[in-house]
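Working notes, structure below.
Scope of the values below: all heavy atoms of this structure, side chains included, with no hydrogens, waters or symmetry mates.
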Amino acid sequence: MIRNILGSLVALAGAASAVLSPFRDWYAGRAGQDYRLEDLFGGITAAESGVLVSILLPFLAAALLVIVGVVLRSRLVVALAGLVVLGFTILWMVRQGQAAGSLVVAGDGSGLQVGVVNALAGGLLMLIGALLMSGRGRRGRRSRREREPVEPYAAPAADQVDTWPPTQEPGMSVQTSPWPEPEVDPYTGPDPRDPRTRSYPQAPHPEDDPRDPVHPPHRPPPQG
């Protein structure tokens, strides 16, 4: 939050510096608003320019981009505004150097003046403001992760042993129940106490079975 506020203030200060720069002298006593926007692409001329068709126009557009970027907390939009200001200022310097033969800085006002410094400083402040801003991407991703429902553990497959806690690891789990599985009693025939099955033949009890449970029955040897 603090980074967004600090970055926004720096970017807005850069936008103000860029917008005010065309109203100050740029070169040899000529204000920035006197340079036509089309001169930046066709060459600097001595023709006067209106305010809304001068170099002020891209700077106003950049200032609007900064405001939009601050409201949306978009670092990309603010950085784009700074690049617009720096790009048009550097383009003007190239055209002015071609028209004058060279660019000089003189104390008597015959060279580059404070208006160019204001424009360059405004573009740099916009870029610095974009770097200081934290933006909203990380917070948005974090809030989306918090809103996503947590999926429960999937039911184990039929060929896997039930364990607790559930595990997502493949294969059989090493944590199983310590108790032995119950064994099913063998079937011993119909219940004699049930009147519906009382007449069914009953299996002999082990103690009533005349056969030897260990040795199978055998035929006695013939009498000689």
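- Rounded to the nearest 0.5 angstrom, Leu40 CG and Ser54 OG are separated by 9.5 Å.
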**Request:** Decide yes or no on side chain to side chain contact (heavy atoms under 4.5 Å, CB included) for Leu57 and Leu52, but give the supporting numbers first.
**Result:** CA-CA 6 Å; Leu57 184 61; Leu52 296 180; 5.7 Å; no
**Request:** Would you check, one step at a time, whether the test side chain to side chain contact (heavy atoms under 4.5 Å, CB included) holds for Val77 with Leu72?
**Result:** CA-CA 9 Å; Val77 175; Leu72 299 179; 5.6 Å; no
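- One finds the CZ atom of Arg30 at 11.5 Å from the CG atom of Asp25 (value rounded to the nearest 0.5 Å).
- The two residues Val116 and Trp92 have their closest heavy-atom pair at CG2-CZ3, 3.5 Å.
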**Prompt:** Between Leu112 and Leu103, does a side chain to side chain contact (heavy atoms under 4.5 Å, CB included) hold up when you go through it step by step?
**Reply:** CA-CA 7 Å; Leu112 293 174; Leu103 289 177; 4.1 Å; yes
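- When hydrophobic clusters are built by joining Ile, Leu, Val, Met, Phe, Trp and Tyr residues whose side-chain heavy atoms come closer than 4.5 Å, directly or via intermediates, Leu65 is not grouped with Leu20.
- The heavy-atom pair separating Phe59 from Ala18 by the smallest distance is CD1-O, 3.2 Å.
- When all heavy atoms of Ser21 and Gly115 are compared, the pair lying nearest together is CB-O, 3.3 Å.
- The heavy-atom pair separating Gly32 from Ile55 by the smallest distance is O-CG2, 3.1 Å.
- Leu91 and Tyr27 end up in the same hydrophobic cluster when Ile, Leu, Val, Met, Phe, Trp and Tyr side chains are linked at under 4.5 Å.
- Of all heavy-atom pairs between Pro58 and Val84, the closest is O-CG1, 3.9 Å.
- With Asn4 contributing its side chain and Ser134 its backbone, the two residues share a donor-acceptor pair below 3.5 Å.
- To the nearest 0.5 Å, the span separating CH2 on Trp26 from CG on Asn118 amounts to 9.0 Å.
- To the nearest 0.5 angstrom, Arg73 atom CZ is 7.0 Å from Met1 atom CE.
- Hydrophobic clustering, with ILVMFWY side chains joined whenever heavy atoms are under 4.5 angstrom apart, groups Val51 together with Val19.
- Atoms CG and CD1, from Asp34 and Ile44 in turn, are 11.5 Å apart once rounded to the nearest 0.5 Å.
- There is no path of hydrophobic side-chain contacts, each under 4.5 Å, that joins Leu60 to Val66.
- Between Arg75 and Leu131 there is a side-chain heavy-atom pair separated by less than 4.5 Å.
- Screening Leu132, Val71, Val78, Val70 against Ser8 for a side chain to side chain contact (heavy atoms under 4.5 Å, CB included) leaves a single residue, Val70.
- Put simply, the side chain of Arg95 gets close to the backbone of Phe41: a donor and an acceptor are under 3.5 Å apart.
- Annotation: the span from Leu125 atom CG to Leu120 atom CG amounts to 11.0 Å, rounded to 0.5 Å.
- Of all heavy-atom pairs spanning Ala62 and Val85, the tightest one is CB-CG2, 3.5 Å.
- No donor-acceptor distance shorter than 3.5 angstrom exists from the side chain of Arg24 to the backbone of Val114, with no hydrogens or angles considered.
- At a threshold of 4.5 Å between side-chain heavy atoms, the hydrophobic network of Ile, Leu, Val, Met, Phe, Trp and Tyr places Leu83 and Val10 in two separate groups.
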